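Here the structure is laid out as structure tokens; the discussion comes afterwards.
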Amino acid sequence: MEQEEGQGCGGAALVPQVPAACELRKCAEQLQSRQRESRAAAMDGAARAVRGCLEQEGAQAELQPLLLLLLRLSRSCPFADIRDRSAGILRAVQDQNVKIPHPIGQGPSSFIPVKEILLEGQDDAERQLFIEAFMSTGRVDNVTMVMGLHPRYLESFWKTQYYLLQMDGPLPYHYRHYIALMAAARHQCSYLVGLHISEFLQVGGSPEWLNGLNSVPQKLKNLGEINKILAHRPWLITKEHIEELLRAGESSWSLAELIHAVVLLTHYHSLASFVLGCGLRPDLDQDGGFTFRPPSPRNCDSDSSCNSSGSEDTGNASTSREDLRELEVLMEKMKLLQEGRQSEEASQEEKASRFENEKRESLLVAPADDNELLSSTNLSCFVEDADFGYKDFSRRGEQTPPTFRAQDYTWEDHGYSLINRLYPEVGQLLDEKFQVVYNLTYNTMAMHCDIDTSMLRRAIWNYIHCVFGIRYDDYDYGEVNQLLERSLKIYIKTVACYPEKTTKRMYVCFWRHFRHSEKVHVNLLLLEARMQAALLYALRAITRYMT
């Protein structure tokens with residue numbers, strides 16, 4: 001069957017319906033106010049719009065987007081007055097025997113119990129961040145909800161993403177959102193693709209472009225090659241790729257535009273890792289986030305478990321003796337490694353050898369084919385060369401590129417200044433974000449307090465860079481093998497390299513004794529280490545082109 005124009009390869013489900021009346025957009029914009037009276041007036045407008053649809057025969061197409069907006073507001077708006085009023089309007093609609101939407105599943109994540117991420121449990125700093133997000137975009141999406149477990153990081157992430165998408169920059173706004181969905185589609189991340197289809201249309205993007213890459217300007221199509229390379233094998237990018245994009249002609253990119261595009265691509269490749277690594281559900285007004293079937297009285301979300309006790313399901317309660325023993329062993333290893341550092345340091349030759357060993361061992365760390373994998377929305381029209389994926393950096397018997405020695409091209413000395421020169425302020429925002437996540441600590445491990453976790457955090461960061469071929473001369477990679485259990489390595493490599501293969505079983509199996517917020521912390525390290533690795537390869541290629 002032929003696709004309707006503007007429907008896109010994901011089908012109508014991905015493209016939000018736009019009601020004929022402008023009341024929906026008007027209501028949503030008026031809700032983004034710090035004044036309670038303005039919000040009350042906006043909710044009055046929403047109630048009138050709903051009543052108008054109910055009284056008008058055949059207005060179902062206009063009513064559904066209003067009901068979905070109310071459902072989302074009733075669950076995730078940071079203002080209690082809007083949540084309560086939205087829920088009240090939905091109840092009034094239901095009382096008239098009209099079907100209303102209900103959430104599919106409980107909470108923002110199918111991996112994390114809903115009680116771990118409740119609006120009511122926010123502290124003042126976290127609530128303020130959610131308010132700022134709502135003021136800026138009109139929603140608190142599921143990414144924000146889960147990142148809110150770490151408010152300090154969320155603030156830095158939010159500032160960076162806001163600047164990339166909404167502040168003055170080299171690229172037009174509709175290009176920014178289309179590049180975001182191109183990047184997310186490489187990992188079949190329908191959550192991010194759906195969000196940016198909506199944003200793309202809101203900033204005036206052509207619906208025809210949603211039919212796929214064959215319908216976009218050649219300039220955007222030309223970005224496809226570095227999109228796939230940065231997503232899956234960033235070490236393959238060369239100055240020739242850069243030269244091809246910058247070559248004079250109607251479809252050429254300027255250097256500033258290309259820097260903006262590269263940062264967007266790496267940001268959304270890595271954000272797809274976070275979304276899939278944390279098992280994020282669609283937002284409540286996205287396809288797959290709602291149903292018009294009433295919930296069963298006995299309905300209990302099997303993913304996140306109404307009863308969230310039991311270490312197998314939640315990884316943080318009723319820990320078994322074996323789990324506790326694993327924690328004790330890990331803490332003892334950290335202590336011994338710290339003492340060993342003070343007494344004797346490995347030679348440079350030994351460190352290089354241990355890196356190569358770790359790189360070779362990472363070949364054996366891969367997810368098995370798993371029938372738990374969910375079939376994703378068809379996003380193939382946004383992807384070229386769909387079979388191109390991650391390939392181990394160092395596979396036996398194959399010619400491999402030389403190891404990227406981090407000291408030869410560092411973020412601090414090279415990448416940061418290059419970005420700042422061509423796209424002012426973004427380098428500073430990225431640097432702050434990298435620093436925040438690398439140094440983020442609460443000095444806790446599971447139920448233990450006053451623990452220095454810097455060694456563990458560095459092992460995770462450096463292992464992620466290792467699977468992308470980046471080596472730190474001053475780091476002893478023997479620590480990675482000591483501190484990262486096999487189930488954690490499998491999870492890290494899957495989320496970093498092929499996040500679309502992540503399953504709940506992988507999430508549950510590592511660090512069963514740790515809190516969910518600590519597992520989210522691992523995902524933040526994954527997001528940023530992966531992004532920095534891809535950026536280093538891309539910026540090095542740009543530097544070589546310029547010199």
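Here the structure is a predicted model, which is why all the values come from computation and not from measurement.
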Please report the closest heavy-atom contact between [X] and [Y], naming both atoms and the distance.
X      : Y      : result
Leu526 : Ile492 : CD2-O, 3.5 Å
Val495 : Pro499 : O-CB, 3.4 Å
Cys278 : Phe111 : C-CD1, 3.4 Å
Ser206 : Phe200 : O-CE2, 3.2 Å
Ala61  : Pro65  : O-CD, 3.1 Å
Ile237 : Ile229 : N-CG2, 3.7 Å

Just checking, any donor-acceptor pair under 3.5 angstrom between side chains of [X] and [Y]?
X      : Y      : value
Asn227 : Tyr268 : no
Glu199 : Tyr173 : no
Gln128 : Glu132 : yes
Arg530 : Ser273 : yes
His516 : Glu116 : no
Thr238 : Glu240 : yes
His196 : Tyr191 : no
Asn420 : Ser417 : no

task: Count the heavy atoms of every other residue, nucleotide or ligand shown that sit under 6.0 Å from CD of Glu250, and state whether that count exceeds 12.
output: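 12 or below, so no.
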task: Inspect the surroundings of CG in Asp168 and state if more than 12 heavy atoms from other residues, nucleotides or ligands are less than 6.0 Å away.
output: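 Count not over threshold, so no.
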Charged N to carboxylate O under 4.0 angstrom, [X] versus [Y]?
X      : Y      : result
Lys228 : Glu225 : yes
Glu257 : Lys219 : yes
Arg72  : Asp283 : no
Glu432 : Lys159 : yes

pair [X]-[Y]: side-chain heavy atoms closer than 4.5 Å:
X      : Y      : answer
Pro108 : Arg281 : no
Leu236 : Tyr537 : no
Val437 : Trp461 : yes
Tyr423 : Ile259 : yes

- request: Take Val275 and Val146 through the side-chain contact (heavy atoms from CB on, under 4.5 Å) test and state the conclusion after the steps.
  value: CA-CA 9 Å; Val275 167; Val146 174; over 6 Å; no
task: Would you please test Tyr178 and Trp209 for ring-ring contact (aromatic ring centres under 6.0 Å, His included) and show each step?
output: CA-CA 9 Å; Tyr178 203 88; Trp209 290 18; 5.7 Å; yes
Candidates Lys433, Gln166, His267 - the one meeting side-chain hydrogen bond (donor to acceptor under 3.5 Å, both in side chains) with Gln161: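 The residue from Lys433, Gln166, His267 that satisfies side-chain hydrogen bond (donor to acceptor under 3.5 Å, both in side chains) with Gln161 turns out to be His267.
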- request: Examine Arg233 relative to Phe388 and say whether NZ or CZ is less than 6.0 Å from the centre of the six-membered ring and inside a 45° cone about the ring axis.
  value: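 Because its charged atom sits under 6.0 Å from the ring centre and within 45° of the axis, Arg233 does stack over Phe388.
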message: Within 45 degrees of the ring normal and closer than 6.0 Å to the centroid, is that where the cationic atom of Arg39 sits relative to Phe79?
response: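 Yes, a cation-pi geometry.
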message: I need the His269 NE2 to Cys189 SG distance, nearest 0.5 Å.
response: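 The distance works out to 11.0 Å.
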message: With rounding to the nearest 0.5 angstrom, report the CD1 to CD distance, Ile131 to Gln32.
response: 13.0 Å
- prompt: Could you walk me through whether Leu265 and Leu223 pass the side-chain contact (heavy atoms from CB on, under 4.5 Å) check?
  reply: CA-CA 10 Å; Leu265 289 172; Leu223 206 59; 4.1 Å; yes
query: Would you call the rings of Tyr390 and Trp235 parallel, tilted or perpendicular if under 30° counts as parallel and over 60° as perpendicular?
result: perpendicular
- prompt: Mind checking whether Phe510 and Tyr507 have parallel, tilted or perpendicular rings, split at 30° and 60°?
  reply: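 Taking Tyr507 first and then Phe510, their aromatic rings stand perpendicular (interplane angle over 60°).
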field: Stepwise side-chain contact (heavy atoms from CB on, under 4.5 Å) check, Leu67 with Leu90
entry: CA-CA 7 Å; Leu67 296 181; Leu90 287 171; 3.9 Å; yes
message: Which residues pass the side-chain hydrogen bond (donor to acceptor under 3.5 Å, both in side chains) test with His232, not counting sequence neighbours?
response: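 So His232 forms a side-chain hydrogen bond (donor to acceptor under 3.5 Å, both in side chains) with Arg186.
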- request: Any chance you could lay out the side-chain contact (heavy atoms from CB on, under 4.5 Å) test for Ser517 and His150, step after step, and finish with the verdict?
  value: CA-CA 8 Å; Ser517 62; His150 300 280; 4.2 Å; yes
